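Remember, it's a predicted structure, so these values are computed and weren't measured experimentally.
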Amino acid sequence: MSNIVLLISTNMQKEVITYYASNFVERKAPGVVFAAKLPDTAITLYKSGKLMFQGSGADREAARWGGSAQTTSSPKSSSIGAKGDVLPDGFASMSVLGSDETGTGDYFGPITVAAVYVPASKIELVNELGVKDSKMLTDDYMRRIAPDLRAACIHSVLILRNEKYNALQAKGYSQGKMKAMMHNKALGHTLSKMAPEKPMHILIDQFAERGVYYNYLKNEKDIVRENVLLSTKAEQLHVSVATASILARAAFLKEMDRLSELAGIELLKGASAKVDALAARIWRGQGEEFLRSITKWHFANTEKARKIK
């Protein structure tokens with residue numbers, strides 16, 4: 001399916017609305033000012049002035065407004081330094097279920113994983129809502145756009161809180177195994193929510209080789225395998241993973257807010273020397289058991305905090 005986007009002037013926007021008035025359809029999605037449906041083409045106009053054509057007649061309709069017949073295509077993995085599976089041509093414009101995680105390198109707080117389905121028909125909407133590589137976005141910005149993204153897309157967000165994390169780690173679970181289990185479960189939940197529809201592909205932001213990833217899951221009852229691709233820098237390869245990254249981050253930040261309130265002090269992200277000093281302060285004031293309940297206890301920060309408390 002072709003997916004063509006034009007940026008048009010204010011005057012041309014008025015002409016588009018008039019021209020397609022008899023084909024008007026109601027679309028209450030954020031950022032949409034007008035939508036029309038032809039037998040072979042869906043037309044959507046956004047507040048930003050972007051005009052999107054989707055369907056087999058997209059080239060024809062775009063040409064009416066001076067648009068070139070170019071479709072969205074995916075950057076090749078090698079072109080952005082990504083490693084992993086080779087993606088099919090035009091991947092960026094396909095209907096994809098993506099997953100990503102955050103919190104893995106933070107001493108305080110949980111690991112969070114999100115899986116998000118972005119069908120081809122919503123790619124432009126999600127971009128309009130402000131999605132791009134989450135590493136380029138501030139925490140405040142991600143908090144702000146997350147509610148609209150949750151409302152727009154079928155998704156699942158999982159939180160592995162510290163007490164459960166520490167219990168699993170004590171049983172010998174590696175962080176990689178925990179992440180694999182969370183990704184698999186989040187993907188499974190999302191597939192259930194969107195059934196009977198299926199994504200063209202599933203893209204996981206890769207943290208382990210394929211064989212290692214599935215070895216982590218070997219004892220799981222339900223394992224998501226169909227059409228699964230793994231790639232590093234996946235948030236740059238499809239908007240579904242970028243959206244998952246934002247929703248995972250927003251969930252992590254919300255949990256950090258909750259833990260900060262419990263601790264009576266704003267917890268720091270990361271695993272720096274400042275984190276060591278804060279951990280020592282909490283240890284002195286509230287004891288080891290409390291500190292353990294809000295941290296990834298096996299991190300080196302624990303011993304560093306022990307020495308300075």
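Put simply, the side chain of Asp100 does not reach to within 4.5 Å of the side chain of Phe207, judged on heavy atoms. A 4.5 Å side-chain heavy-atom check between Ile8 and Leu45 finds at least one atom pair inside the cut-off. Between Leu38 and Arg60 the shortest side-chain heavy-atom distance falls below 4.5 Å.
By the 4.0 Å N-to-carboxylate-O rule, Asp85 lies close enough to Arg210 to be salt-bridged with it. Contact check on Asp106 versus Lys296 returns no salt bridge, with no Lys/Arg side-chain nitrogen under 4.0 Å from an Asp/Glu carboxylate oxygen. Between Glu61 and Arg64 there is a salt bridge, since at least one side-chain N of the basic residue sits less than 4.0 Å from a carboxylate O of the acidic one.
Judged purely by distance below 3.5 Å, without hydrogens or angles, the side chains of Gln54 and Ser121 never pair a donor atom with an acceptor atom.
With values rounded to the nearest 0.5 angstrom, Met182 atom CE is found 8.0 Å from Ile159 atom CD1. The structure places CG of Asp257 at 4.0 Å from CZ of Arg143, a figure rounded to the nearest 0.5 Å. To the nearest 0.5 angstrom, Ile282 atom CD1 is 4.0 Å from Leu278 atom CG.
Counting heavy-atom neighbours within 6.0 Å of Lys14 NZ, excluding the residue itself, gives a total of 12 or less. Within 6.0 Å of CZ on Arg27 lie more than 12 heavy atoms contributed by other residues, nucleotides or ligands.
In this structure His238 satisfies the ring-ring contact (aromatic ring centres under 6.0 Å, His included) test together with Phe91, sequence neighbours excluded.
The two atoms that bring Leu97 and Tyr117 nearest to each other are CD1-N, 3.7 Å, heavy atoms only. Of all heavy-atom pairs spanning Met52 and Tyr46, the tightest one is CE-OH, 3.6 Å. Between Ser99 and Leu187, the shortest heavy-atom contact is CB-CD2, 3.9 Å.
Residue pairs meeting the side-chain hydrogen bond (donor to acceptor under 3.5 Å, both in side chains) criterion with at least one partner in residues 162-173, sequence neighbours excluded, are Tyr165-Gln175, Tyr165-His298. Among pairs with a residue in residues 260-275, none fulfils side-chain hydrogen bond (donor to acceptor under 3.5 Å, both in side chains), at least two apart in sequence or across chains.
Put simply, the side chain of Lys193 gets close to the backbone of His155: a donor and an acceptor are under 3.5 Å apart. A donor-acceptor contact shorter than 3.5 Å links the side chain of Ser174 to the backbone of Lys177.
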